[in-house]
Structures are given as structure tokens and as C-alpha cells.
Amino acid sequence: MLQVRCNASPAAHYPGVVTIRLYDTSARQIRDFIPLTPGCVSIYLCGATVQAAPHIGHIRSGLNFDIMRRWFAYRGYEVTFVRNVTDIDDKIITKAAEQGRPWWSIGYENERAFNDGYTALGCLPPTYEPRATGHVTEMVEMMQGLIERGHAYEVDGSVYFDVRSFPGYLQLSRQELDNLLQPSGEGETGKRDPRDFAMWKAAKPGEPTWATPWGRGRPGWHLECSAMAHKYLGPAFDIHGGGLDLIFPHHENEIAQAKGYGDDFAQYWVHNAWVTMAGDKMSKSLGNSVLVSEMVKAWRPIVLRYYLGTPHYRSMIEYSEESLREAESAFARIEGFMQRVVEKAGSVEPSAEVPPAFAEAMDDDLGVPQALAVVHTTVRQGNSALAADDKEAAVARLAEVRAMLGVLGLDPFDPHWAGESDRGEDLHGVVDSLVRLVLDQREAARARKDWATADAIRDQLGQSGLAIEDGPQGPRWSLGPR
């Protein structure tokens, strides 16, 4: 087992009397967060199953927990963040057969696509990112321990978990065992109870296999996470995260395995909601996926992060281009203020502290919508300061805005996002010259009081994606909502 060391020391933002509160799925209520080790937080997030490239619903989970991680770090915690990669399961094997490719080729290609998506949307890299296939030894050890404790049994090379042997089974999902229909894979024969689930699947022709005391085979999905969480975070850790769809059977079965093995396992269970289309969960099987690789070509990645990261993590997001355009417009207002202050006052560093109202919202179950309202209020105050030519106040508001956006991973002045503006830098001068010609025509129309022509020019520029603002120094343009 990898021993996680926490060397946290009191930091400027360490909570003291302030308590972060999180909705715990297992308790069905918001609870004060009390870490197992003061000053430290350990998080295990179910990551990618790499049978195909990610859509924005997949990346939302990583992004929500990236914001959680950033907030804990702001509050002074030392964070250990583990996000696994499921690089072998039924779906990957099926895809390999369909495409006539090695299973590991499909897994590696899509693992890279997931990491590209996380990076594009500004997610910090995890502390550890273990692959399931690298931890078969730990899985075998866990199965041996479960068999010894009477929680598992072997049949013809497969190993099953005996759900009736574990009294706490289904407490997370609040189901009744007698009413349970356990998803079952093909070839899972010899079970004592049809609700028992496979931890290890005996070898089949053409499938990848590993050696075990019960013969060659491959791991079941649920066992992978229990074993990796144990290895990297130990027998007890703070937070286990994932999407709502993982509560049953995956997380329920993880708990049974880990606690049956003797671990205390996760102290808090935190689940993010889905991205939906026409009311259905976004999924590859429904054919309604919006691939991240395509989305970042059509939309700025920072706008996608704003769109996916600013609703509350427990709220569904109904995908539409209209809502994306609204997010783009809202973020443009923030960026516009920031750019105007920099043009007037030069570079401004983030303030050391976020405003108290922002911190209060984030402490309360990561209330990003309420925290974002504080950002927009501060932007309005900053714009008022600019209008009053109060440079000092405008600079102070920008420093606060940068601090708040930094926590959310949305500061456009952060080096991570610098490439977004750099990509269009070569064309900026050309576009500026062309827009200036049109604006000169608009100014001439205004001078002769031809308001209809002036308004028509402004409207046409707006339809082209340019926002025009009239000021004491004349009109200025910026990219507006599309």
C-alpha cells in the first residue's frame, strides 16, 4: 500500500472556525467536512472508462471535482487527488472486437483524448492517475482477503462477491435487496445468488487475461476502484466522488468489497449531476454525445469551462447552443471589464483574499452559482468605478475578480489560458483595421445625424460577433456573443 503523507501546515486561508460543508449522498444531507487528518483532504474520483473519446458530460465530472480541489487548496488544505483510468472492461473489449484493434490501443488512444479534454478545460493534473491494468496484484490480494473472510467465492475461475454476507449492502443507494435486479455480464455462471456480482471473470477466447490463483482471467469493473483507492489512499480516506449514475451498482459494490476487506473506505460520498440533451443523460449509447475534441474547435475552452463549471455540481445541465451562447455572453462581460481596467491601469495581481460573500458561498456545498453572483456584482461595481474615472476602485475590484476567478479556474489572465488569445493575435491587427474603417463610416453617419445608418452599421457588426461600446475616446470593439 502506498502511504500518503500529509505535511500540511497552517496557511493563510486555513478554515479555523470556518467549515466547508458538503452534501453527502450516503447521509442524504449536507454535512460539515471534518478531515481524517487535520489540514489534509484525500479525494478519490472515478475517472475515465476509455472505450471512446470523451463528451462534455464526461468532462463535467472532472471539472466539478477540479473546482472542489481548488477550493480546498485555497482554504489551506493539502490535497491528495486520485483520478483513476479504467483501461480494461467489457465495453473496451467489445469496442476492440468491433474495430478489429488491440484493446490496449483503444484504451491508450482514448485515455489521451480524456487527458487532452481535461487539460483544454483547465483541470489541474491529479496527484496520482492509476490505470486498472497496473494493479492486478492488489486486486488479487483483495479477493483473497474477501474469500478468507467469507465475503467472496470462486466458481470455475471466476470470483463473485456474496452480497448477503455483507449486512451494509445497498445503504448508499437505499435499495431493498429482495427487490434488487443486479446487472449481470455474459457468462457469469455458478452464482450462489443471481444478485452476487463478479469481481474477477474467468478467461474467454480472444480476451486479455492475467494469472491468478484461480486461473487466468480479467478484473471486474468494481474491484478495480476498491483496490486502487486502497493502494493510493489507504484503508480510510475523506471523499469519494463520481457521477450520479455510479451510485449503483459501481459505488455500492466498491463499498461492499472495501468494507468486507476491512477498510473504513470513504467518509463522504459526493456525486455530480449529468449533462442532458432533451432530458436524457448524455451518453454514447444514445448517440447524443457532444465530443470535447469538436466542442473546443467551435467554442473557446474557457467558455466551455464557464458553461460546465458554473452551475451547481448537483444540478443537471440541459445542453443547448443557446445556453452556451448565454454563457459566452456572460463571460465576455467579465472579460470586457478586466481588459478595460488593464488598458487603463496596467497589470493587476489577484488579491490575497476572495470577498467574504464568495467564500461563504463556496464553503456551503461548493455554491458556485452564488459565488459567481458575487463575481458579477464585483464586475458591475468595477464598471461603475471606471465610469466615474475612479482608477483605484476599479483596480481593487479587478484584483478581487481575479482572485475569485482563479479559484474557479476561470482567470483569463492565467498563463494556462494565454494561448487562447495568442492564437488570434496575428489576425487582431488586420481585423482591427477593417473594423476601424466601418466604425469611421458609422461616426460619419452620426456626425450628419443619419442615425438609421449608424444603427444599421452597429447592428451588422453585432451580427458578425462584435460588440461596440461608445466612450469618451470614441467607439471601441470587442468580441461579443456569437
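It should be emphasised that the depicted structure is a prediction, and the values quoted were computed from it without experimental measurement.
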Quick one: is the NZ or CZ of Arg28 closer than 6.0 Å to the six-membered ring centre of Tyr23, and within 45° of its axis? no
Find out whether Phe81 and Leu45 are in side-chain contact, i.e. whether some heavy atom of one side chain is under 4.5 Å from a heavy atom of the other. yes
Please name the pair of heavy atoms, one in Lys191 and one in Tyr153, separated by the smallest distance, quoted to 0.1 Å. CA-OH, 3.4 Å
Identify the heavy atoms of Trp417 and Pro412 that sit nearest to each other, and give their distance. CB-O, 3.9 Å
Thinking salt bridges, do Arg305 and Asp411 make one under a 4.0 Å N-O criterion? no
Whether the His312 and Gln370 side chains hold a donor-acceptor pair (N or O, under 3.5 Å, no angle test) is what I'd like checked. no
Residues Glu318 and Thr276: side-chain donor-acceptor under 3.5 angstrom: yes
Heavy atoms only: give me the nearest Pro311-Pro369 pair and the separation to one decimal. C-CG, 3.9 Å
Please determine, by modelled atom types, if Asp263 and His230 share a side-chain donor-acceptor pair under 3.5 angstrom. yes
Residue pair Tyr44 / Asp238, side-chain donor-acceptor N/O under 3.5 Å: no
Which pair of heavy atoms, one from Tyr313 and one from Val270, lies closest together, and at what distance? CE1-CG1, 3.5 Å
Closest heavy-atom pair, Ser173 versus Gln175, reported as atoms and distance to 0.1 Å, is OG-NE2, 3.0 Å
Does Tyr268 have Arg31 sitting over its ring (NZ/CZ under 6.0 Å from centre, angle to axis within 45°)? yes
Does His271 reach the side chain of Arg314, with side-chain heavy atoms less than 4.5 Å apart? no
Of all heavy-atom pairs between Arg101 and Glu109, which one has the smallest distance, and what is that distance? NH2-OE1, 3.2 Å
Ignoring hydrogens and angles, state whether a donor on the side chain of Thr86 or Asn84 is under 3.5 Å from an acceptor on the partner side chain. yes
Taking the six-membered ring of Tyr261 (Phe, Tyr or Trp), confirm whether the NZ or CZ of Arg149 is under 6.0 Å from its centre and within 45° of its axis. yes
Angle class for the Phe265/Phe237 ring planes (parallel below 30°, perpendicular above 60°, tilted otherwise)? perpendicular
I'd like to know whether Ile56 forms a side chain to side chain contact (heavy atoms under 4.5 Å, CB included) with Met282, so could you lay out the CA-CA distance, the side-chain angles of the two residues, the decisive distance to 0.1 Å, and finally the verdict. CA-CA 8 Å; Ile56 58 174; Met282 188 172 287; 3.7 Å; yes
Side chains of Leu223 and Gln257: does their closest heavy-atom pair fall under 4.5 Å? yes
Check whether more than 12 heavy atoms from other residues, nucleotides or ligands sit under 6.0 Å from atom CZ of Arg131, and answer yes or no. no
Counting only heavy atoms not in Glu322, do more than 12 fall under 6.0 Å of its CD? no
Counting only heavy atoms not in Glu176, do more than 12 sit closer than 6.0 Å to its CD atom? no
